[in-house]
Amino acid sequence: MANAGFPLLTATAALPAIGAIATAAVPAGRRAAAKWLALLVSLGTLVLAAVVAVRFDPAGDRYQLTESHAWIADFGVRYELGVDGIAVALIALTAVLIPFIILAGWHDADPLEVSDSDSVAGQSKRWRPTQGFFALILSVEAMVILSFEATDVFLFYILFEAMLIPMYFLIGGFGDRAHAGSDENAATQRSYAAVKFLLYNLAGGLIMLAAVIGLYVVAGNFSLTEIAEARANGQLDMATNTERLLFLGFFFAFAVKAPLWPLHTWLPNAMGEATSPVAVLITAVVDKVGTFAMLRFCLGLFPEASEWATPVIMVLALISIVYGALLAVGQRDIKRLIAYASISHFGFIIMGIFAMTSQGQSGATLYMVNHGISTAALMLVAGFLISRRGSRLIADYGGVQKVAPVLAGTFLIGGLATLSLPGLAPFVSEFLVLVGTFARYPVVGIIATFGIVLAALYTLVLYQRTMTGPVKEEVRTLPDLRLRELLVVTPLIALLIFLGVYPKPLTEIVNPAVEHTMSDVQKKDPQPEVEAAK
């Protein structure tokens, strides 16, 4: 039943959508006005997201603040929204990160003028439309938030696919200025990364479309809540093979978005060629739609098929953890190292989801939030560093902590969060994922701990090679973090520490939603075998 009051969920997504249109419409000569408008809209969205979080009652109904309106009545498609605790946490993550992404990218779309002999990739003069850059970011925010709110499968599918369009232009049209090689080569690499991102995700989306149509044929509607209610009442009984095929169609699309090995290869290219704020938008915001959808749609709609596929998915998640970490160790490019580290972290998230334990799924949800914050902190500081030196290569740095100690210190905290140091937010989530996995799959849990060891290796080696040692001549004059950059990094570091010491605000919202998901798949936590005292 839809709430009759103010459509808060619609407003939370509509504000950045309207802001995107308004930002794009700012006259060409008013770049500063476009930036400030985008920032104010993102802050307004953050306020609305905070209201959603405050109004959400963890002890209340599973889906709250619901809205439902007829849309395409002949095909049973409705504009249907609702949030559970998992969605609330991810909406908050999105709304928190976007203002920092905008601030970090404040000059990334300014007109660029350099001579052919300039050290920044020898780029020639070109125009970078500021209004379009910030409008695209706001449009992605609107679609991501609405995808977390959608409880109509068809509405979710449209948003899942539509967000690819602005992301394609953000990757291909606004590339990293610190690209080794000629301007022509840089443009080629950006185009390749953008097309690869689009083709991979479109392929996953097309397979999902077939599964969405199949779900409608079987269930007669697209409403997540109605389908779940029909299954619970015995009014909908999918044939085993049908359910498994539909599950595979949904899961494939989500695994591409997540990204899960071996469907991950688009991510290092996309993050490497995009600007650092857009790289954060990709891995900290957009990719979370894939893992969120595994919880809401795969487990919610296809519980038997989810259990059937779990052994294979756990193996793929384990490969992602170890493979991503190993490739991160061998990287020479700072941004690609962070990209491969993210592949490893997404392996932990997916492992926690399909461990089918409350600890694993709570940890996976916390991991989505904490990974978003830690990756944003590390990647944005790395972006500030790269913009100063004009190079993404690790070998081009050394001794930065002596000339820019604040930059080096924040880079270290972001890196320590990435390796899940106790006291920082990712530790809690990674610990819960490993505990939840070990309870049901002890061998998988043991092997996954090697990912932690490798994370310590690639993080500390990265810091050592860039920040310590003799000061290289090229970095001797690097300035430390400026006020705008401090305004970006400081709140993210504070969040990492706060949620590492006191994760209760998140767990209180998330845990009831996890209990509902565990009920969907009819699973209970394994009880520890304790030998009776003699």
Side-chain angles (χ1 to χ4, degrees), residues 12 15-16 19-20 23 34-50 53 89-110 130 133-142 144-145 148 166-167 170 174 176 271 274-288 335 338 342 368-388 406-407 409-411 413-415 417-418 424-426 480-500 506:
T12 307
L15 179 58
T23 302
K35 296 175 183 180
W36 283 106
L37 176 60
L39 180 60
L40 290 174
V41 168
S42 68
L43 292 173
T45 305
L46 177 57
V47 171
L48 289 177
L90 292 175
I91 290 169
L93 170 69
T94 304
V96 165
L97 290 183
I98 295 299
F100 299 125
I101 289 172
I102 290 173
L103 267 178
W106 201 252
H107 298 299
D108 284 359
D110 286 350
T130 304
F133 180 75
F134 293 103
L136 289 170
I137 291 174
L138 289 176
S139 66
V140 171
E141 179 181 25
V144 169
I145 289 176
F148 291 142
M167 287 306 308
L170 282 169
F174 300 90
D176 190 353
M271 289 184 66
T275 65
S276 293
V278 172
V280 172
L281 188 64
I282 295 169
T283 191
V285 176
V286 172
D287 287 353
K288 298 302 187 299
K335 292 173 69 177
I338 298 172
S342 290
M368 292 185 223
V369 176
N370 295 333
H371 170 263
I373 300 170
S374 63
T375 299
L378 182 60
M379 178 61 87
L380 292 178
V381 176
F384 298 149
L385 176 66
I386 292 167
S387 67
R388 285 158 163 73
V406 177
L407 187 154
T410 53
F411 189 84
I413 296 174
T418 299
L424 297 175
D480 213 334
L481 292 182
R482 304 179 179 92
L483 177 60
R484 173 180 59 85
E485 295 164 337
L486 285 171
L487 290 175
V488 171
V489 176
T490 304
L492 295 174
I493 299 297
L495 274 175
L496 287 173
I497 297 171
F498 174 77
L499 293 176
L506 273 179

Kindly give the heavy-atom pair with the smallest separation between [X] and [Y], and that separation in Å.
| X | Y | value |
| --- | --- | --- |
| Ala417 | Pro426 | O-CG, 3.2 Å |
| Leu380 | Phe100 | CD1-O, 4.4 Å |
| Ala34 | Thr23 | O-CG2, 3.8 Å |

Identified side chain to side chain contact (heavy atoms under 4.5 Å, CB included) partner of Ile102 from the options Val488, Ile137, Leu43, Leu40: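 Between Ile102 and the candidates, side chain to side chain contact (heavy atoms under 4.5 Å, CB included) is satisfied uniquely by Ile137.
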
Judged by atom type as modelled, is there a donor-acceptor pair below 3.5 Å linking the side chain of [X] to the main-chain atoms of [Y]?
| X | Y | value |
| --- | --- | --- |
| Asp108 | Thr275 | no |
| Arg388 | Gly383 | no |
| Thr490 | Leu487 | no |
| Thr375 | Gly372 | no |
| Lys288 | Leu93 | no |
| Thr283 | Ala279 | no |

Mind checking the [atom1]-[atom2] spacing from [X] to [Y]? Nearest 0.5 Å is all I need.
| X | Y | atom1 | atom2 | result |
| --- | --- | --- | --- | --- |
| Leu499 | Ser374 | CG | OG | 11.0 Å |
| Glu141 | Ser42 | CD | OG | 6.5 Å |
| Phe411 | Met379 | CZ | CE | 10.0 Å |

side-chain contact (heavy atoms from CB on, under 4.5 Å) evaluation trace for Val489 with Ile493: CA-CA 6 Å; Val489 176; Ile493 299 297; 3.8 Å; yes

From CA spacing to verdict: side-chain contact (heavy atoms from CB on, under 4.5 Å), Leu136, Phe174: CA-CA 11 Å; Leu136 289 170; Phe174 300 90; 4.0 Å; yes

Over 12 foreign heavy atoms within 6.0 Å of CH2, Trp106: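 Yes, CH2 of Trp106 has more than 12 neighbouring heavy atoms, counting only those of other groups under 6.0 Å.
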
Ile145 vs Thr45, side-chain contact (heavy atoms from CB on, under 4.5 Å): CA-CA, chis, key distance, verdict: CA-CA 10 Å; Ile145 289 176; Thr45 305; 3.8 Å; yes

